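Okay, so here's the structure we're looking at.
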Number of protein chains: 2
Amino acid sequence: MKRHVLIYGLIGGVLITLLKWTEYRFLVIDHSIEIYGGLIAATFAVLGVWLGLKLTRAQQRTAVQEVPVTAGQPFVLDERKREDLGITRRELEILELIARGMSNREIAQKLYVSENTVKTHSSRVFDKLGARRRTQAVQLGKERGLLP
Amino acid sequence: MKRHVLIYGLIGGVLITLLKWTEYRFLVIDHSIEIYGGLIAATFAVLGVWLGLKLTRAQQRTAVQEVPVTAGQPFVLDERKREDLGITRRELEILELIARGMSNREIAQKLYVSENTVKTHSSRVFDKLGARRRTQAVQLGKERGLLP
DNA sequence: GCCAAAATCACTCAAAAGGATGACGACAGA
DNA sequence: TCTGTCGTCATCCTTTTGAGTGATTTTGGC
């Protein structure tokens, strides 16, 4: 997030310099201030939208994650139970993919991380769930409302 | 979302008018153009961020809205589907125990058979389901109504 | 800017799981 | 009686998974 603000500032600076230069080109024309202001307004509006999107993208993902629903109970609150068990989002993500029957290698490829990373995450989630096997982890995950 | 753009435009217009007015106040000062541009940049940056947030929040809503209701059948008909897939009772029995998270050894002890026997049964049931891993077999078994 | 949590990756070793194949007895039905 | 299915068990070999440990980088909150 820090980086985004930094990039934002840099681009802003560059654009200001650019507009400062263009200023001398348009200053001779009537109503140049309006044009100048309009340009600045437009560019910074675009930049602002971009920044806003950047900043909220993370939240977007978590919102999408709480989708599935079972017939009996609504199943929307994985977030609460997840944190109660001290399981991170990434770990839950791995658990979900395990529940779909994917191997560690497949999960690694899907998430663009190494197989070792997947193993670390799964080991931790097994530990937190008290499971010794992935099938058991899936079962426990469903019992505790982490999985649909 | 349309409304946001509209509001955005309106606020933008009002602000431009406002800044136009302030312009006459600050125009007498040196470097007023810089100040003017800076003001416009700042306000529209803020507005842009706000718009970006608004837009993504709207996206969030739609994402949450697409909550599917997985059809919940009461689950009574394993017998029919079992035979349709050519899976024997014993094989289904092993599959059920696998779904509970038990290891081959535990299953063997529970059923009083050798671990090798469990492995042959599970291998056959995997083959009939088209699964390569036990987690996948469990998933497929549930999809096909063999497991609750 | 600092700090804690989270995420990433690596390495080793052991255990579990899976594929392939063969075999044998029980039993039901043609 | 012969045949096919089912359940049982084994052996060999490969792949997958899990445990344990340590390390680095990102991220997020204060």
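Just so it is clear: chains get the letters A, B, ... in the order the sequence lines come, proteins before strands, and each one is counted from 1. All heavy atoms count here, side chains included; hydrogens, waters and symmetry mates do not. Since we're looking at a predicted model, the values are computed, not measured.
- Contact check, B:Asn104 against C:dA16: no side-chain N or O comes under 4.0 Å of OP1 or OP2.
- Nucleic acid contact class of B:Asp127 (heavy atoms, under 4.0 Å, all strands): none.
- Expressed to the nearest 0.5 Å, how far CD of A:Glu83 lies from OG1 of A:Thr88 amounts to 10.5 Å.
- Taking every heavy atom of residues 86-95 of chain B and every atom of DNA chain D, pairs under 4.0 Å involve B:Thr88, B:Arg90, by number.
- Of all the residues in residues 105-118 of chain B, B:Arg105 reach under 4.0 Å from DNA chain C with at least one non-hydrogen atom.
- Remark: P of D:dG18 and NZ of A:Lys119 are 9 Å apart, rounded to the nearest angstrom.
- The separation between B:Arg132 atom CZ and D:dT16 atom P is 9 Å, rounded to whole Å.
- When the C1' atoms of four end pairs are superposed on the next four at each end of the helix from C:dG1-D:dC30 to C:dA30-D:dT1, using five pairs per end, the two resulting axes differ in direction by 60°, to 10°.
- Using a 4.0 Å cutoff on non-hydrogen atoms, no part of residues 136-144 of chain B comes near DNA chain C.
- Here C:dG19 presents its P atom at 7 Å from CZ of B:Phe126, a figure rounded to the nearest Å.
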field: Worked verdict on A:Leu95 versus A:Ser122 for side-chain contact (heavy atoms from CB on, under 4.5 Å)
entry: CA-CA 7 Å; A:Leu95 180 60; A:Ser122 59; over 6 Å; no
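- Residues meeting the side chain to side chain donor-acceptor pair (under 3.5 Å) test with B:Arg90, sequence neighbours left out: B:Glu93.
- Residue B:Met102 contributes atom CE, which lies 19 Å from atom C1' of D:dT17 at whole-angstrom precision.
- For the atom pair B:Ile107 CD1 and B:Arg100 CZ, the distance stands at 10.0 Å (nearest 0.5 Å).
- In terms of phosphate contacts, A:Arg134 brings a side-chain nitrogen or oxygen within less than 4.0 Å of OP1 or OP2 of D:dG18.
- Of the inter-residue distances, the one linking A:Leu147 atom CG with A:Glu96 atom CD reads 6.0 Å to the nearest 0.5 angstrom.
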Tabulate atom names and distances for all N/O pairs under 3.5 angstrom spanning the protein and nucleotides 20-24 of chain C.
none

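- Every residue two or more places apart in sequence or in another chain that forms a salt bridge (charged side-chain N to carboxylate O under 4.0 Å, His left out) with B:Arg89 is listed here: B:Glu79.
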Donor-acceptor pairs under 3.5 Å, side chain of residues 111-118 of chain A to any protein atom, not counting sequence neighbours: which ones?
from     : atom 1 : to       : atom 2 : distance (Å)
A:Ser114 : OG     : A:Asn116 : N      : 3.2
A:Ser114 : OG     : A:Thr117 : N      : 3.2
A:Ser114 : OG     : A:Thr117 : OG1    : 3.1
A:Glu115 : OE1    : A:Arg105 : NE     : 3.3

Which side-chain N or O atoms in residues 123-134 of chain A pair as donor and acceptor under 3.5 Å with protein atoms at least two apart or in another chain?
from     : atom 1 : to       : atom 2 : distance (Å)
A:Ser123 : OG     : A:Lys119 : O      : 3.2
A:Lys128 : NZ     : A:Gly86  : O      : 2.8
A:Lys128 : NZ     : A:Glu91  : OE1    : 2.8
A:Lys128 : NZ     : A:Glu91  : OE2    : 3.1
A:Arg133 : NE     : B:Gly101 : O      : 3.0
A:Arg133 : NH2    : B:Gly101 : O      : 3.4
A:Arg133 : NH2    : B:Glu106 : OE1    : 3.1
A:Arg133 : NH2    : B:Glu106 : OE2    : 3.2
A:Arg134 : NH1    : A:Met102 : O      : 3.0
A:Arg134 : NH2    : A:Asn104 : OD1    : 2.3

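- We find that CD1 of B:Ile98 is positioned 15 Å from P of C:dA16, with the value rounded to whole Å.
- For residues 135-148 of chain A, there are no salt bridge (charged side-chain N to carboxylate O under 4.0 Å, His left out) pairs, not counting sequence neighbours.
- Checking B:Leu97, B:Ile98, B:Leu92 one by one against B:Ile94, the side chain to side chain contact (heavy atoms under 4.5 Å, CB included) holds for a single residue, B:Ile98.
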Could you go over nucleotides 28-30 of chain C and give all protein N or O partners under 3.5 Å, atom names and distances?
none

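- Phosphate proximity of D:dT8 to B:His121: present, with a side-chain N or O under 4.0 Å from OP1 or OP2.
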